[in-house]
2 protein chains.
Amino acid sequence: MVCQSRIKCVWTGSFGIAGSLRLLGKSEIVEFNLTSKYYWIMKTDNTIHLISRIHEKANIFLIGKLRGLGMNELAPSHGDILAALFKRNEVTMTEIATLIHRDRSTVTQLVRKLERKGYVFSKENASDRRSSFVCLTEKGKSLEPFFKQVTKDLYTRAYSGMTDEEISRFQQLVGKIYHNMD
Amino acid sequence: MVCQSRIKCVWTGSFGIAGSLRLLGKSEIVEFNLTSKYYWIMKTDNTIHLISRIHEKANIFLIGKLRGLGMNELAPSHGDILAALFKRNEVTMTEIATLIHRDRSTVTQLVRKLERKGYVFSKENASDRRSSFVCLTEKGKSLEPFFKQVTKDLYTRAYSGMTDEEISRFQQLVGKIYHNMD
DNA sequence: CATAAATACTTTGATATCAAACTATAATTA
DNA sequence: TAATTATAGTTTGATATCAAAGTATTTATG
């Protein structure tokens with residue numbers, strides 16, 4: 001039997017063609033029947049598509065930075081794992097999976113690669129022999145300043161030209177929508 | 001030689017561990033040296049991570065809707081292609097790739113599947129025999145009302161409990177950041 | 001006009017990803 | 001205590017995805 005849900009994580013468009021089609025001369029994408037005076041706002045809304053694009057652009061940005069450091073072989077989720085390990089010395093596979101929102105079987109592969117590249121190593125868990133801890137090597141630890149700088153650069157770019165009020169308002173509104181989608 | 005950039009589209013975390021780690025008792029993720037009185041806002045910023053999560057949640061939402069319609073076999077980007085075709089009768093492979101922000105070789109596979117499932121068909125382009133047009137079948141066309149409804153549902157959920165002013169402000173700010181990342 | 005360059009698309013190879021099935025260990029329950 | 005259930009992790013199989021190389025056709029250039 002074929003499993004269908006495995007495609008979950010590769011949905012990137014959210015049916016979000018509105019923005020691009022607008023460039024081609026089309027604008028209407030969703031017809032809302034709202035009685036709000038702002039109904040027209042949603043009528044041509046492509047915000048979720050833009051969010052998807054921002055996400056992809058952020059990834060491209062970060063990959064470019066990794067490449068600049070010669071870490072060409074690492075994928076974004078490898079970076080997520082390292083970022084998690086900067087905060088905690090020992091993390092189990094399941095904890096990593098929860099933190100980076102990936103399947104445990106995916107984490108198996110990701111950690112294996114990080115091990116192969118010398119960024120992390122495994123340590124046995126004496127109190128539960130089913131699990132083991134993933135830890136940073138010195139090579140892995142040495143990446144932390146770089147990661148902090150790159151993250152700072154990312155936000156600096158994202159917020160370029162925005163006032164403090166705009167930034168804080170945006171964070172607030174993103175939080176609301178995140179909560180709505182949760 | 002191994003190609004490194006192919007991982008572009010699967011970056012979903014944007015080093016965004018802050019939000020999750022906060023749940024585990026950690027909050028600081030990025031240290032900014034801003035002189036702004038709002039520097040603390042960015043100091044614990046995980047907005048881009050939240051954006052990634054919203055994107056993923058939107059995908060999960062849409063996949064659930066597709067599944068409810070028995071379209072289990074279709075991936076998100078297939079939906080993007082259909083959404084594009086609802087707006088234009090004939091679209092070339094390259095145009096689709098541009099619209100959905102995917103590689104042309106990826107689009108080849110996606111369209112092939114849509115053809116196999118009977119949603120689209122190919123028509124030869126008389127004026128340029130290198131390319132061909134992708135068109136909706138009747139089965140494909142019949143999906144449009146459903147897609148509109150699902151998109152409406154998605155936005156309704158995302159904006160739940162938000163005022164018109166908040167929605168319009170959010171759209172404005174998302175637009176700014178999108179532009180910054182472009 | 002003939003050759004070179006550009007464009008449209010496909011094929012090939014690699015990787016991140018998920019789900020389902022599997023193994024091993026721990027926890028619970030009868 | 002024995003049997004069942006739950007949990008941690010891996011393996012297997014499938015798919016979306018990209019890059020690079022390849023084919024075919026069109027456009028540009030000499």
Side-chain angles (χ1 to χ4, degrees), chain A residues 1-13 52 56 59-60 63-64 66-67 72-81 90-98 100-117 122-134, chain B residues 1-13 52 56 59-60 63 67 72-81 90-98 100-117 122-134:
Chain A
M1 187 178 58
V2 178
C3 162
Q4 287 86 10
S5 304
R6 66 174 57 129
I7 49 175
K8 188 194 312 183
C9 70
V10 294
W11 194 307
T12 50
S52 301
E56 291 181 353
N59 285 348
I60 292 171
I63 288 170
L66 284 179
R67 192 181 287 180
N72 297 330
E73 75 283 349
L74 289 196
S77 22
H78 295 118
D80 289 337
I81 292 177
E90 307 175 330
V91 188
T92 67
M93 301 294 271
T94 298
E95 284 173 334
I96 291 174
T98 302
I100 74 171
H101 303 279
R102 289 288 169 275
D103 193 87
R104 287 197 310 276
S105 61
T106 302
V107 173
T108 297
Q109 312 303 324
L110 296 171
V111 168
R112 186 169 296 169
K113 184 164 192 174
L114 286 172
E115 269 183 330
R116 224 161 45 221
K117 300 293 178 183
S122 288
K123 199 170 68 173
E124 73 172 15
N125 181 353
S127 66
D128 187 340
R129 281 160 57 202
R130 290 173 302 180
S131 73
S132 57
F133 293 120
V134 180
Chain B
M1 186 177 58
V2 178
C3 162
Q4 287 87 9
S5 304
R6 65 174 57 128
I7 49 175
K8 188 193 312 183
C9 69
V10 293
W11 193 307
T12 50
S52 301
E56 291 180 355
N59 285 348
I60 291 171
I63 287 170
R67 191 180 288 179
N72 296 331
E73 75 283 349
L74 289 196
S77 22
H78 295 119
D80 288 337
I81 292 177
E90 306 175 329
V91 188
T92 67
M93 301 293 272
T94 298
E95 285 173 332
I96 290 174
T98 302
I100 73 171
H101 302 280
R102 290 289 169 275
D103 193 87
R104 286 198 308 276
S105 61
T106 301
V107 173
T108 297
Q109 312 303 326
L110 297 171
V111 168
R112 185 169 297 170
K113 184 165 192 173
L114 287 173
E115 269 183 330
R116 224 162 44 222
K117 301 292 178 183
S122 288
K123 200 169 69 173
E124 71 173 15
N125 180 354
S127 67
D128 187 340
R129 282 160 55 202
R130 290 173 303 180
S131 73
S132 57
F133 293 120
V134 180

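Letters A, B, ... are given to chains in the order of the sequence lines, protein chains preceding strands, and every chain is numbered from 1.
- Candidate nucleotides D/dT10, D/dT17, C/dC9 were compared by shortest atom distance to the side chain of B/Ser77, and D/dT17 ranks first.
- Rounded to an integer number of Å, the gap from B/Gln109 CD to C/dA14 C1' is 14 Å.
- What separates CG of A/Asp103 from P of D/dA14 is a distance of 17 Å, to the nearest Å.
- No side-chain heavy atom of A/Ile96 sits less than 4.5 Å from a side-chain heavy atom of A/Asp80.
- Residues in residues 106-117 of chain A take part in these side chain to side chain donor-acceptor pair (under 3.5 Å) pairs, two or more places apart or across chains: A/Glu115-A/Ser122.
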Go through A/Val91 and A/Phe133 one step at a time and tell me if the side-chain contact (heavy atoms from CB on, under 4.5 Å) criterion holds.
CA-CA 5 Å; A/Val91 188; A/Phe133 293 120; over 6 Å; no

Sort me out a list of protein N/O and nucleotides 24-28 of chain D N/O pairs below 3.5 Å, or just none if empty.
| from | atom 1 | to | atom 2 | distance (Å) |
| --- | --- | --- | --- | --- |
| D/dT25 | O2 | B/Arg130 | NH1 | 3.4 |
| D/dT26 | OP1 | B/Arg129 | N | 3.2 |

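- One atom, CG of A/Asn125, and another, P of C/dT25, lie 13 Å apart when rounded to the nearest Å.
- Considering only side-chain atoms of A/Met93, the nucleotide from C/dT10, D/dG9, D/dA16 that sits closest is D/dG9.
- Protein atom CG of A/Leu74 is 12 Å distant from nucleotide atom P of C/dT17, rounded to whole Å.
- The side-chain hydrogen bond (donor to acceptor under 3.5 Å, both in side chains) search around A/Lys123 returns A/Glu90, not counting sequence neighbours.
- In terms of phosphate contacts, A/Arg112 brings no side-chain nitrogen or oxygen within less than 4.0 Å of OP1 or OP2 of D/dG9.
- No hydrogens or angles were tested; on distance alone, a donor-acceptor pair under 3.5 Å links the side chain of A/Ser105 to the base of C/dA19.
- Residue A/Leu110 places its side chain closer to C/dA16 than to any other of D/dA16, C/dA16, C/dT11.
- At the heavy-atom level, A/Thr108 lies under 4.0 Å from base atoms of the strands shown.
- Going from atom CD1 of A/Ile63 over to atom P of D/dC18 covers 11 Å, rounded to whole Å.
- The separation between A/Lys113 atom NZ and C/dA14 atom P is 12 Å, rounded to whole Å.
- Rounded to an integer number of Å, the gap from B/Phe133 CZ to C/dC9 C1' is 14 Å.
- Residues B/Leu110 and B/Ile100 have side chains in contact (heavy-atom distance under 4.5 Å, counting atoms from C-beta outward).
- Set against C/dA16, D/dA16, D/dC18, the side chain of B/Thr106 has D/dC18 as its closest nucleotide.
- The CZ atom of B/Arg104 sits 14 Å away from the P atom of C/dT11 (whole-angstrom rounding).
- Across every non-hydrogen atom of B/Arg104 and B/Ala97, the tightest pair is CG-CB, 3.8 Å.
- The line from CG of A/Leu114 to CD1 of A/Ile81 is 5.5 Å long, rounded to the nearest 0.5 Å.
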